[in-house]
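As structure tokens, the structure follows; a few thoughts come after it.
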Protein chains: 2
Amino acid sequence: MADVARIAGVSHQTVSRVLNGHPNVRASTRERVLAAIDQLGYRRNLSARALVTRRTNTLGVVAFDTTLYGPASTLFGIEQAARDAGYFVSIVSLKTITRKNVDEALDYLTAQAVDGMIAIAPQIEAAAAVSRVPGHLPVVAVEGGEAGATPVVAVDQVAGARLATQHLLDLGHRTVWHVAGPAEWLEAEGRTTGWQATLEQAGAPVPRLIQGDWSPRAGYEAGRAIAADREAGAIFVGNDQMALGLLRALTEAGIRVPDDISVVGFDDIPEAEFFSPPLTTVRQDFAEVGRRSIGLLLDLIESGSVGRDEHERIVVPPTLVTRKSTAPPTTA
Amino acid sequence: MADVARIAGVSHQTVSRVLNGHPNVRASTRERVLAAIDQLGYRRNLSARALVTRRTNTLGVVAFDTTLYGPASTLFGIEQAARDAGYFVSIVSLKTITRKNVDEALDYLTAQAVDGMIAIAPQIEAAAAVSRVPGHLPVVAVEGGEAGATPVVAVDQVAGARLATQHLLDLGHRTVWHVAGPAEWLEAEGRTTGWQATLEQAGAPVPRLIQGDWSPRAGYEAGRAIAADREAGAIFVGNDQMALGLLRALTEAGIRVPDDISVVGFDDIPEAEFFSPPLTTVRQDFAEVGRRSIGLLLDLIESGSVGRDEHERIVVPPTLVTRKSTAPPTTA
DNA sequence: GGCTATGGCGCATCCGGTGCT
DNA sequence: CAGCACCGGATGCGCCATAGC
């Protein structure tokens, strides 16, 4: 910066003023400074800047299993939005969620002195951990639960499940079975809730819940069980991956979809359209979730508040994508 | 830090020494300092530290379409390895690759004064851009090409394609068709090369290449074309997603896999095992790629070299995963 | 060997100074 | 002479390194 000042024939503080868009600089002076900066290829030292401003211009993100389509997409949206807003993003992705794990991750980001944090906290344990971050640090939970005093941005899982269940009911199915995600996941919980509520509201019987773990394998096993007892005519599966496994199991058992059984998934992964048959599913707008969470976080940061007073909750609506895996029941 | 020093009854210098694991500190003093740190919940200011050490302890990663399984997995591996090594990671993910795009991303990370960079550069354009980063900054390209003087860590695409093609040949197929990824992708290029070389080596005819773009839709269209002219008996598809679309198209056309046509994919995404039929494919160890690239980058950083003298290239071997989508040809 | 004092990293910012209207 | 636009000197952020005790 001293060099720039010398070349431009001004003091280094004038350079600083130009850099920070301060008003009290004559246009011609600004030009000269800019020219010198350009000539030298100068870039200011962000560490020094952070030292005095006490802001690192970095946002921390804790994510879980970014190998899955949902988290990866959300992360992607977050990163885009943050960069557009001029923030750097530092990420920690965890394969498994344990209390220790999450605490370490939050600690890690705190050590880095991020200006704010986003935790993709789809599990109960993670959501709880989020509420333990140092009190002065703005935090937004994505897909977090109601618990704790952290602002949340989430897709409306209950509404999504209602969409799926109602769709099957509307087609004329007597009831709808459900293959759920793991119990610790808030999303699984929301979807189960929506499914059950819709059935009860319609006066339909609520079949026993089938537990899965999001994996295609779990879906496959659920499919085999369903194929074995031949009770179900319509199934709402907790995510598309499990739906894939389930379709596979039904195919192997000689059960035709949608002729014998209708299937609805959740997520609308890019592959879903090419399943056999193409999957009717519930689409989540992950990019929007990313954008909204960054928006909320930046509001908190810029307002200087920590946002834990009035627990804000932004909900993004999902939509139903109808394809070929659902049809009216064949009255046998 | 001054507070810690006061509580411990030493100078702030001694605190610094304890923090940096300096040897010349009496054990009892160290204890006192540690106790004081603990009591105050003190964390050192990394900006201040970076200012004087000129190292930010941050690694930059540029990735493309982290929504896809491959990039997401690689990124995950990188992040894990970096964190294990005590580095923060700052990411930029790009949806599309243009020269401008990539340059901006690299610029962005440079501005952040990262200690080193990893560019997941699977496209020719991206690989070229990588060679333009400021000369003093250590860079490793993942999935980059031979061009430029940047060290590279990559899965051996040619070998993978050979595995796939040879497998089909060994089953007795007269030749193997190939649905390739987009031409600008180095991975697509490598796979095509391996496929063609294997055919030529075996004295098998080389069918015309079918172009795809990695998407299930492209695979679907390729599948329709193949179903229409009924020439192919064995197909090596450039990735699993396209293979899914292709399987779908074949199914619709009443072609049975593997009875009528054998299909091999590439990637081994988690869903592949549950395709109809379960897909024989080539597995890439993305986590290993992530680890190796971080290892290489840290070597460069710690050796103070920039590593552009002897263009190192680390190659990770892929493996064939045999499932149900391939079988000997039915001699009709 | 075990410790303390001093200086400086590169920046922003307060405050005070110059020249002009 | 008041008031403004513009600019520079000094100071300190929290840390590490060097020299000294």
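Below, chains carry the letters A, B, ... as their sequence lines are ordered, and counting in each starts from 1.
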### Query
Do B:K100 and B:D103 pass the salt bridge (Lys or Arg N to Asp or Glu O under 4.0 Å) test, and can you show the C-alpha distance, the side-chain angles, and the key distance before you say yes or no?
CA-CA 5 Å; B:K100 182 157 162 290; B:D103 281 347; over 6 Å; no
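- When the shell of 6.0 Å around CZ of A:R99 is examined, it contains 12 or fewer heavy atoms from other residues, nucleotides or ligands.
- Note that CD of A:Q112 and CG of A:L59 are 10.5 Å apart. Values are rounded to the nearest 0.5 Å.
- Geometrically, B:K95 engages A:F76 in a cation-pi contact defined by less than 6.0 Å to the ring centre and at most 45° from the axis.
- In this structure, the separation between CD on A:Q123 and OG1 on A:T96 is 9.0 Å, given to the nearest 0.5 Å.
- Taking the six-membered ring for Trp and the full ring otherwise, A:Y108 and B:F88 have centroids separated by under 6.0 Å.
- Within the nucleic acid shown, A:T14 comes within 4.0 Å of sugar-phosphate atoms alone, with no base atom in reach, counting heavy atoms only.
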### Query
When you look at A:D285 and A:R292, which way does the salt bridge (Lys or Arg N to Asp or Glu O under 4.0 Å) test go after all the steps?
CA-CA 11 Å; A:D285 190 347; A:R292 297 296 292 268; over 6 Å; no
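- Rounding to whole angstrom units, CZ of residue B:R30 and P of C:dG1 are separated by 14 Å.
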### Summary
Going 5' to 3' through nucleotides 11-21 of chain D and flagging B where a protein heavy-atom sits under 4.0 Å of the base, S where only the sugar-phosphate is that close, and - otherwise, we get --BBBBB----
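- For the pair B:R55 CZ and C:dG10 P, the interatomic distance rounds to 17 Å; values are reported in whole Å.
- In this structure, the helix from C:dG2-D:dC21 to C:dT21-D:dA2 shows an angle of 50° between the axis at its start and the axis at its end, each fitted on 5 base pairs and rounded to 10°.
- Of all heavy-atom pairs spanning A:L19 and A:R44, the tightest one is CB-NH1, 3.6 Å.
- A straight line from CZ of A:R26 to P of D:dC4 spans 18 Å, rounded to a whole angstrom.
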